[in-house]
Each structure stands twice: as C-alpha cells, then as structure tokens.
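In what follows, chains carry the letters A, B, and so on, assigned in the order in which the sequence lines appear, proteins first and then strands, with residues in each chain numbered from 1. As the structure is a prediction and not an experimental result, all values here were calculated from the model.
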2 protein chains.
Amino acid sequence: MADESRAGRAPSIRDVARIAGVSHQTVSRVLNDHPSIRVETRARVQQVMDDLQYRPNRAARVLVTSRSQTIGVLASAASMYGPASSIQALEQAARAEGYFVNTVNLDGTDRDSIERGLNHLLDQAVEGLVVIAPQVRVFETFHDMNISLPFVTLQSTVASQNALSVDQITGARLATRHLIDLGHRNIYHLAGPQDWIEAEARMHGFLSEMSDRDVAATAPILGDWTAEFGYYAGRELLRVRDFTAIFSSNDQMALGLIHAIREAGLDVPRDVSIVGFDDIPESAHFWPPLTTVRQDFAELGRRAIALLLGTLDDQIAGQPGLVPDLIVRGSTAPPIF
Amino acid sequence: MADESRAGRAPSIRDVARIAGVSHQTVSRVLNDHPSIRVETRARVQQVMDDLQYRPNRAARVLVTSRSQTIGVLASAASMYGPASSIQALEQAARAEGYFVNTVNLDGTDRDSIERGLNHLLDQAVEGLVVIAPQVRVFETFHDMNISLPFVTLQSTVASQNALSVDQITGARLATRHLIDLGHRNIYHLAGPQDWIEAEARMHGFLSEMSDRDVAATAPILGDWTAEFGYYAGRELLRVRDFTAIFSSNDQMALGLIHAIREAGLDVPRDVSIVGFDDIPESAHFWPPLTTVRQDFAELGRRAIALLLGTLDDQIAGQPGLVPDLIVRGSTAPPIF
DNA sequence: TCTAGCCATGTGCACGGTCACATTGTGATG
DNA sequence: CATCACAATGTGACCGTGCACATGGCTAGA
C-alpha cells in the first residue's frame, strides 16, 4: 500500500535517501557529520529524517563497524550501597564521554553465572568492561577467563594496573587506631565474609594496627554484612563481656551490634565503643551517630571510566589510590576503668 | 596468513561451515536447535564451534530478525532500596524466561534525560520496557511520549492495565490505624516529596484514615526521603511538642526523626511513637526496632516481567494488587496521658 | 515401479548500515 | 587554457545472520 516502508519495518537510510532525492551514502554522511555536505542538502535530509521519525539501526551499525560505544558493567552485589553508588557515578561519567553503559547483575558467584553475565555483555559487543568483583571467587574466576577486552576491576584491593579500589587497609588502620588512641585495649573485630577481598583487607589492617601498637587481638568474627548477623554476633559476644570496643567491617553489622548491646541494657559508647565502615547515608542518624570510615564510591566509579577510556590525566594516575576518611561521631568514647 | 578468519574479525558462521564441511545454513540450524539435522552432523559442527571459540554475532542476528530478546528497564532513583530490589528480582525473572535486561539509570527527571535513556534502550531494539517511574513527572513525561512498545510502569499507583504497584493507600492506612488504635490522637505525617506518586498516595491514605476515624489531622510535612531531613524535621517539630506519634513516609526519615527525638532527651516509643514505611533491612535493628510497613518489591519486579511477557496466569492477574503488611516492632506504644 | 512426502542439506538474498573507490563540477594555478 | 586539487555526491561490496525456497535421497503406500 504505502510506498514508504514495507512490512512494518522501521524506515531505513535508503528510505530517507529516496524521499530526499539523494543516495543512501549521503544520508549516512549527514548521520556522521561528514564535513563535505552542502548545508542545503544536509537540511533537506535532516528534514526527511525528522518527518519519517527515522532512527539509525544500531545493530546494523555495530555489525559493520564492530564498535558499540558501550561499556559493560559486570556487577555482583549490585544492590549493596558501595557497588550501587559506584555504578551510578560510573554510568554518568561514561555518558559524559559519549559511551553507553550496560549493567549485568550476576545472580551468583559461581563460574556459570559469571560466564552467563559476561557472555551477555560480549554479545552486546561492549568495548570495555568494568567488573565489580568484591568477592575473591568472582575476581579470580574472572581473571581465569583471560578476557581479551580492556577491563578494570573495582573493589578488589590488588596492586595491579587495572584494579581500582579505596585503600581498605589504611581505612581499617584508621578505625583501629582511633579505638586504641581512645584507650581501648580489648577490641574485637567483626569481619565481613571470608571470601570478600575487602573484608580480608580490613581484617588485615585491623590486625596490623593492633600488632604495631602492641595490643593483643582476638580472632576476628566472620560475618555476612547484614545487620541481622551483627545483632546475633553481638548477643553472643555479650555472654562473655571481655571487650570495650568493636570494629565492625561495615555499618549494617555495626547497627546490629548496637541493637544487641542496647538490648542487653548497656550503652554505646559508654560501655562499648563501636566503629563501622562505609559511611552509608543512614549512619549519621543511628543512635548514637556512628563513627565510621568513609569511602568515596562515586569517585571510584568515575576513575574506573577514566582509566578504561585512557583519559586519566597523569596527575590522577600518579596518585597512590583513594584514601578513606575516618568520620568520628558519637559511637566511640574512652573506655571506663 | 592464517586461512581461518582474517583481519582480526571473530570467526563467523561461514568460517565454521567451511571447516566443518557444511553450508552456513546448516551451522545456523545447529545454532537454533533445528530438528532436522543428523546427530553426527550436529556433533561435527558443534566441535568446530568449540574449537574456534565461535560465538554468534548478536548484532547480525538482531539486524535480520529485529528481535533482541532484551527487555529495557528505565529506572529513576535506581539506587534507592525499593527500585534496586525490584530491578534485581526483575532481572532474575527475565533471565529465567530467556530474556536479557538492559538497565538505564536516568540522570534526571527532565524530559531530556528520559528521552536520552529511552533512546538508548530503543537503540538496543528492546522488545519491552519496564519503567520505574516513582515521580509524577517521569511518569507523565513518559506517557506523553506514547511509546509503541509494550511497557509496564512500576511504583506509580495508578489504576491501569500496565501500571503495577503495591497498594500504598492501604499501607498508609494500616500504619495510621495502628497508631489510632494505640490511642494516639495527635499524629503528624512526615511525607515524601510532593512530586512522588507514592508519597502522595501515602499521604492520601493517612488523611483518609484519620478522617474516617474522626481524628483531626494537621498538614503533612513534605520531606525528601533522607534521614537527614527526618532529623531536621524532628528538631523543628519538637519545638512545639503537640503530638504523640509520627507516621513517616519511609524508614530513613523515621530514623532521622528518632535521632532528633532522642537527642532532645525524649524516648521512642514512650514519648513519641514512630511508624516508618518500606521495611528496609536495617529497620529491624534500629533502636528501637522500627514498626513499619513492608512492601514486597521483589514480587513487584517479578510481576512486571510476567505481565510484560504475558505469562501472567489468570489467577495472579485477577488479584487486586499487592498489599503491604504492617510490621509491628518496638517504635510504637500507647501514648502517656 | 511410480510417486508422494519427509528428512537433511544447500543456495541466494535481505537486513541497514559503513567503507573504499569512482565520478562529477568548480575554482585556483601555472 | 590545460591541469590539478578538492568539494560534493554516487556506486557497489560487505559485515554475519536468518529466511524462503530449492534440491536430492530415502521410505512408504498405491
């Protein structure tokens, strides 16, 4: 019937060309801002494109150029505060550079899940990869796959060209030092899951600082990041009350700890001092407001894109990495003797 | 040099065909599980594909079929607890149905941002859209664009075929009723931003319930969802202490309120009862544990996919929508007279 | 034995762009 | 005035798949 485009297919470059009375190549040139086009011609073609509501077919373009202008993000634990913040910032940074971002949430840490996610991204012909692999397992599995694409890993605290992270050891040391400086000598550490790279780094930082200051440390407790776990761990710890401070590996567990402590009729920070990690937005309004270690997740995301796109200035590149800050609030105080 | 594939291009269906000694179409059949292929042939082709590490070119496939097997998610506020939970569940559900998911985080609520995000998804030839549009503005702007694609909107409390949401009004009524039943008569409502659909619905639910029970209501306070705001609003409210309970439109603001109340030397729930909304995982460990309204965000995400793919059983389709639950914990008690 | 019908496979084109190269016309230069 | 460079445009092939249709062989029924 209509002579425009048949079979429900969207108008193509050739439809535009025919109506505008030019060759398909000229239309392509308009599309790509080629300099050698008469203003008048460009305008006419543009007009037809608007009339037809023409939109270039990305698949066709990707097919011939093998370039997608897309960066893939492989994220595990994407709903946690840190990763979520990084992703958001990263997406914005990428967009500013003219790139698209495709995010895949892994549904597990097993090799299969990772492969599935990776395949999805490779199918999209992504040109680079940002891997948020906070778990050892994901990190290693990913590396084993030896990808030929340029990629950057986030939150993995590994001395490497393309691994970006906030210095967890320093952060943990800061937290621990703060407690020691306040006079605490019996300090527990509620760590994250064993298979999380950053959890291990924080634990390491804690133990190093304790040892450097000649304070005896008990074995850290391995948690699962949830407030729930912090609560039960707190209850357990309170059965033998042989500590005056706890350094929790994240804010949620710290919240659970405080809950347990207070439920036992004790006070934070009078009876027990608590330090968290991450500085989630809620921490400032816990009761008491939580002393914690702040990491700049957004900056991490931005740097990932900069590194990936190679637009990293020497200035930033020369920096030793992101350093976290200790935010002292109300959950820490000197111990009572 | 090598006779395999030239110019760094990945091996194609034809490379596989040549080496396996069949036509490219036969390879295509193996790829698509066509029934009429001799087992032996299939095995041989499969072997070559493995050897070459062949992976089908999605762009080519999309180009010819105009089907992408991809669902687009247009998300605003994707880092908030609700949307994030829905997205994660939705992604999993889609994957189970053999679909991929592409998520775009809007970087603003203006028309331009929405258009950019939408264009990105359309470029990917998505076959359906899930729009997480909790703000009025996003919701309306999106509808104005009258998309020809099938789509579902989430979190928008609108009576419509393709708008899915938890019943906010009921939720707000539940919270309010709980407070009234406890004996409270001076109840404030700390609402969400005016331009959020669900904030308005909750406010509406609050006012309706108050009016139904003949309890006079003061004008709600318009917040911004943050604990920070809740804190300052609390401080402000406490200057004239003319209430015994506050229903906060989300848990974060409730946290801020509790902070302010406690800082003023008062107790929750003895002096003031607080009810939140959402039941974020931390709420159970606030001090006191927060009475709040739980919404099943994950189910919402799953239903979005089911609705979009039309696999929704009549049973579910007939249901009136998701109903939230009141979770009574420690932040509410009868008022002191 | 002939033929219909199905199985297994092959041939050629279409999808919607980009790229390399060809073809004009035009003004500057010697 | 011939030559040349360049601007503006056109032509045809190609990217890697899937689809429609063709082909040949084999089996079963008339």
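The side-chain contact (heavy atoms from CB on, under 4.5 Å) test with B:Q155 is passed by exactly one of B:V166, B:L300, B:I197: B:L300.
Donor-acceptor pairing under 3.5 Å, judged by distance alone, is present between the side chain of B:R29 and the base of C:dG10.
Between A:F100 and B:H120, the angle of the ring planes stays under 30°, which puts this pair in the parallel group of the 30/60° scheme.
Taking only side-chain nitrogens and oxygens, B:R61 comes nearer than 4.0 Å to OP1 or OP2 of D:dG18. OP1 or OP2 of D:dG10 sits under 4.0 Å from a side-chain N or O of A:T26. The shortest distance between the side-chain N/O atoms of A:R58 and the OP1/OP2 oxygens of C:dG17 is not below 4.0 Å. At least one side-chain nitrogen or oxygen of B:T41 sits closer than 4.0 Å to the OP1 or OP2 atom of C:dT9. The side chain of A:R9 places an N or O atom within less than 4.0 Å of a non-bridging phosphate oxygen (OP1 or OP2) of C:dG16. Within the structure, every side-chain polar atom (N or O) of A:T65 is placed at least 4.0 Å from both OP1 and OP2 of C:dG17. Considering only side-chain N and O atoms, B:S28 lies under 4.0 angstrom from the phosphate OP1 or OP2 of D:dG18. Put simply, A:N32 has a side-chain N or O that comes within less than 4.0 Å of OP1 or OP2 on C:dT18.
When rounded to the nearest whole Å, the span between CZ of B:R67 and P of D:dT17 equals 18 Å. Between the NE2 atom of B:H24 and the P atom of C:dG12 there is a distance of 9 Å, rounded to whole Å. When the P atom of D:dG16 is taken as reference, atom CG of A:D123 falls 15 Å away, rounded to whole Å. Rounded to whole angstrom, the span from the CG atom of A:D33 across to the P atom of C:dT18 amounts to 12 Å. Note: CG (B:L63) to P (C:dC13) measures 17 Å, nearest angstrom. Atom CG of A:N57 is separated from atom C1' of D:dT17 by 13 Å (rounded to the nearest Å). In this structure, A:Q25 places its CD atom 16 Å from P of C:dT23, rounding to the nearest Å. Distance A:R38 CZ to C:dG25 C1': 11 Å, rounded to the nearest Å.
Of the listed nucleotides (C:dG16, D:dG10, D:dG18), D:dG18 has the atom at the smallest distance from the side chain of B:I13.
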Problem set entry | Verdict with supporting geometry, A:S76 and A:Q135, side-chain hydrogen bond (donor to acceptor under 3.5 Å, both in side chains) | CA-CA 8 Å; A:S76 118; A:Q135 298 107 321; 2.6 Å; yes
Exercise. Which is it for B:R116 and B:D107 under the salt bridge (Lys or Arg N to Asp or Glu O under 4.0 Å) test, yes or no, and what are the steps along the way?
Worked result: CA-CA 9 Å; B:R116 248 198 320 275; B:D107 39 14; 3.4 Å; yes
For this session: Could you please spell out the steps behind the side chain to side chain contact (heavy atoms under 4.5 Å, CB included) verdict for B:V73 and B:N102?
Result: CA-CA 6 Å; B:V73 176; B:N102 262 204; over 6 Å; no
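Taking for each of A:R14 and A:S36 the nucleotide of DNA chain D with the nearest heavy atom, the 5'-most of the two is the partner of A:S36.
Residue contacts shown for B:R55 are limited to sugar-phosphate atoms, with no base heavy atom under 4.0 Å away. Residue contacts for A:V62: at a heavy-atom cut-off of 4.0 Å it reaches no nucleic acid atom on any strand shown.
With hydrogens and angles ignored, the 3.5 Å screen pairs a side-chain donor or acceptor of A:S68 with a backbone N or O of A:A125.
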